[in-house]
Amino acid sequence: MISIPKGTKDMLPSEAVKWHYIEDTAKMVAAIFGFKEIRTPIFEHTELFLRGVGETTDIVNKEMYTFDDKGGRSMTLKPEGTAGVARAYIENMQGNATLPLKMFYFTPVFRYERPQSGRLREHHQFGVELYGADSYLADAEVIALAKNFFDEFGLKNLELNINSIGCSICRQKYHKALRDYLASNLNKMCGQCQTRFETNPLRILDCKEEKCKAITVGAPKITDFLCDECKAHFDGVKSALTAQGIAFKVNPMIVRGLDYYTRTVFEFVTTSIGAQGTVCGGGRYNNLVSEVGGKPTPAVGFGLGLERLLMVLENEHLLDEIIDDGIGFYIAPIGDKATSRALKLVTQLRNEGYSAECDLVGRSIKAQMKYADKISAGFVVVIGDSELESGQVIAKDMKCERQFIVPLDKFVESIEEQLDEYEANEHNCDCDCESDCENTEDCKCGCEDEKSCECGCESECDCNNAIKSCECGCEDEKQINSDNANKCDCDNSKDSNCECNKEQSKHNKNCTGGCNHEEE
RNA sequence: GUGGGUAUAGCGCAGGUGGUUAGCGCGCCAGGUUGUGGCCCUGGAGGCCGUGGGUUCGAGUCCCACUACUCACCCCA
């Protein structure tokens, strides 16, 4: 058997709803902030990442999926999303786009690393880029977008860390101070940090080795070396976040591993998925566009790991309610003649925009019912000889006991009509109707219950009796009493047109269809 | 690249000190009269016990190697 490549994951149909939910939420939030989608190729010229991400970074050094194409050009699968957008901006939009330009993307990202929990060789990111705004307001805008997105899910245990790593001028000053501080202890640090001392001393702060951590504890902080402009910018970011009610922590230790960052860097970190807790990372990169060949253009953005987000959401049980809708109609034919009639009905339903399916494997009626249940069919329609003869079928609601008698030749119109009517008359039931009025008047139905109605229906109380209209066809709602919820006192009760077949049904679940039967 | 853990049915797991036809739960399929789901009952399919060596009369079980997966470091989303 050929197995899936290391560090990759299949997205299975059973999980598709969750992905769609996350993506739809992201698109919605992006739209609210005025960001438009951009899609760029999954691979780029290797050169783009060498110059954009930086040749000294781990990502470029040892994690890229680089290959020569058949023309001998060196290509690389995107190791991050920002450089490709910068390239696309320069090639297509620079000079003619209205600034500030707001873009978002979804992209797979490839890095050759040892996989572990929350880290894959292929993962997916939702990313945001804001071009042409140098103000701290743009930094705050992008952070607010991420925050807003997380809030949509009700995420807990999430912390925003921010820092400023300054511009090239203040960073030079800082590097010097940092080197001076570390120099005396240089030989006590790990080999990697000794190399970093020369190439990028900032990264030493990020080292996880205990001996290095001990040395860096009292190290000078970059934030104390910011030039006046960078300092003002950072202060601006902080006050803008505060103004928007976004809590943050200044963490002088965060240093992103991509060379393009300038000034603001930030991370959203969660404690609920283990070691790899950074769900979103980003910052400002004013030098990136010019670095890859464009005119100097300020920019801010972030990348947000969707697999990690999914893990967080699942761990925090925030996706439990997200379930697949299932198929609308399942048509169960018995026999060949019925099958071709069923096919016709399925086609009609589909043409009207309803999801519908029909047996494809010649199963017995019982097996078809089981199948319909498994695929969460809304309604099942059995078609056999007697239905063909009478021209009428029964549409059975799989979630409760109600069913509708529907003429086959006008199925769609009739079922729509009956459902509308049902909704209009019976939406006071215990089912999941979405009404929620704030009617605080006392119940007028004559029951003793003084609670006010919680739904938006006409009835005023939420007691068991008055809300529900009599199903016998009489007009009198008040005659129903809670002791005898299935019948009203009127004379019509014997001819009740209740559709739930209470005599023969078992009612082993709560009826959600609006009939008054109590659970048995 | 460096460490630790694990590999038995589609999934989750049992299988003391080696011993005959390798089990359980869930899932899947089919039945429980003639045309109706969920619960329950019965039956069925499905395993070269990760791969390759070794020890032994005999290995799922013991030893070695390899591979895969997994967690952690590094780094990052």
Side-chain angles (χ1 to χ4, degrees), chain A residues 1-9 12 14 53 57-63 78-82 107-127 146 190-193 196 203 206-210 212 254-258 266-270 273-282 301-312 330 332-335 338 361 363-377 379-388 393-401 403 501 504-510:
Chain A
M1 192 182 78
I2 299 170
S3 56
I4 190 168
K6 196 188 190 77
T8 63
K9 249 183 170 152
L12 303 172
S14 55
V53 178
T57 60
D58 281 1
I59 290 179
V60 167
N61 263 333
K62 46 188 192 187
E63 296 174 3
K78 282 192 213 178
E80 53 85 60
T82 296
T107 185
V109 167
F110 304 87
R111 290 179 204 164
Y112 191 86
E113 302 178 88
R114 289 284 292 272
Q116 73 188 70
S117 181
R119 190 168 67 202
L120 296 162
R121 287 184 174 179
E122 181 195 30
H123 76 275
H124 296 80
Q125 289 189 10
F126 164 55
C190 71
Q192 206 173 5
C193 281
R196 285 168 177 157
R203 298 286 299 282
D206 218 19
C207 188
K208 303 295 189 295
E209 295 252 354
E210 284 306 324
C212 300
I254 61 166
V255 176
R256 320 249 64 240
L258 294 86
F266 65 89
E267 284 179 355
F268 281 88
V269 184
T270 177
I273 53 168
Q276 307 299 322
T278 303
V279 180
C280 172
F302 66 73
L304 192 153
L306 295 177
E307 281 85 353
R308 282 187 190 172
L309 174 64
L310 184 65
M311 284 174 78
V312 178
Y330 179 81
I334 309 163
V361 287
R363 277 200 258 241
S364 72
I365 187 66
K366 187 180 177 119
Q368 291 196 63
M369 289 301 292
K370 284 190 180 179
Y371 175 75
D373 183 52
K374 291 220 180 80
I375 62 171
S376 306
F379 287 92
V380 169
V381 176
V382 174
I383 303 180
D385 290 342
S386 60
E387 283 81 4
L388 289 175
V393 292
I394 291 172
K396 177 187 167 75
D397 189 330
M398 294 294 276
K399 290 176 189 68
C400 66
E401 300 293 330
Q403 40 191 36
N501 295 329
Q504 59 197 55
S505 67
K506 279 185 248 165
H507 281 284
N508 51 6
K509 275 188 182 176
N510 251 332

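Chain A is the first sequence line, chain B the second, and so forth, proteins listed ahead of strands; every chain is numbered from 1.
- If you take CG of A:D58 and P of B:C75, they are 7 Å apart, rounded to a whole angstrom.
- Remark: RNA chain B forms stems of 3 or more consecutive Watson-Crick or G-U wobble pairs, all pair distances under 3.5 Å, at B:1-7 with B:67-73, B:10-13 with B:23-26, B:28-32 with B:40-44, B:50-54 with B:62-66.
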Protein within reach of the bases, or only the backbone? For nucleotides 26-36 of chain B, mark each nucleotide 5' to 3' as B, S or -, using heavy atoms under 4.0 Å.
--SSS-B--BB
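- Side chain of A:E401, nearest nucleotide from B:C75, B:G38, B:C73: B:G38.
- The nucleotide whose nearest atom lies closest to any side-chain atom of A:S117 is, among B:C75, B:G38, B:C71, B:C71.
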Which atom pairs link the protein and nucleotides 65-69 of chain B when you take only N or O atoms and keep those under 3.5 Å?
residue: B:C69; atom: OP2; partner: A:K6; partner atom: NZ; Å: 2.8

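- Around CG of A:D385, the count of heavy atoms belonging to other residues, nucleotides or ligands within 6.0 Å does not exceed 12.
- Side-chain contact between A:S376 and A:M398 is absent, with no heavy-atom pair separated by less than 4.5 Å.
- Aromatic rings from A:F302 and A:F268 are positioned such that their centres are separated by 6.0 Å or more.
- When the side-chain nitrogen and oxygen atoms of A:Q276 are compared with OP1 and OP2 of B:C73, one or more of them lie within a distance under 4.0 Å.
- From A:T107, atom OG1 reaches atom CZ of A:F126 across 13.0 Å, with rounding to the nearest 0.5 Å.
- A:R121 forms a cation-pi arrangement with A:Y112, by the criterion of a distance under 6.0 Å to the ring centre and an angle within 45° of the ring axis.
- Using a 4.0 Å heavy-atom cutoff across all strands shown, A:G118 reaches at least one base atom of the nucleic acid.
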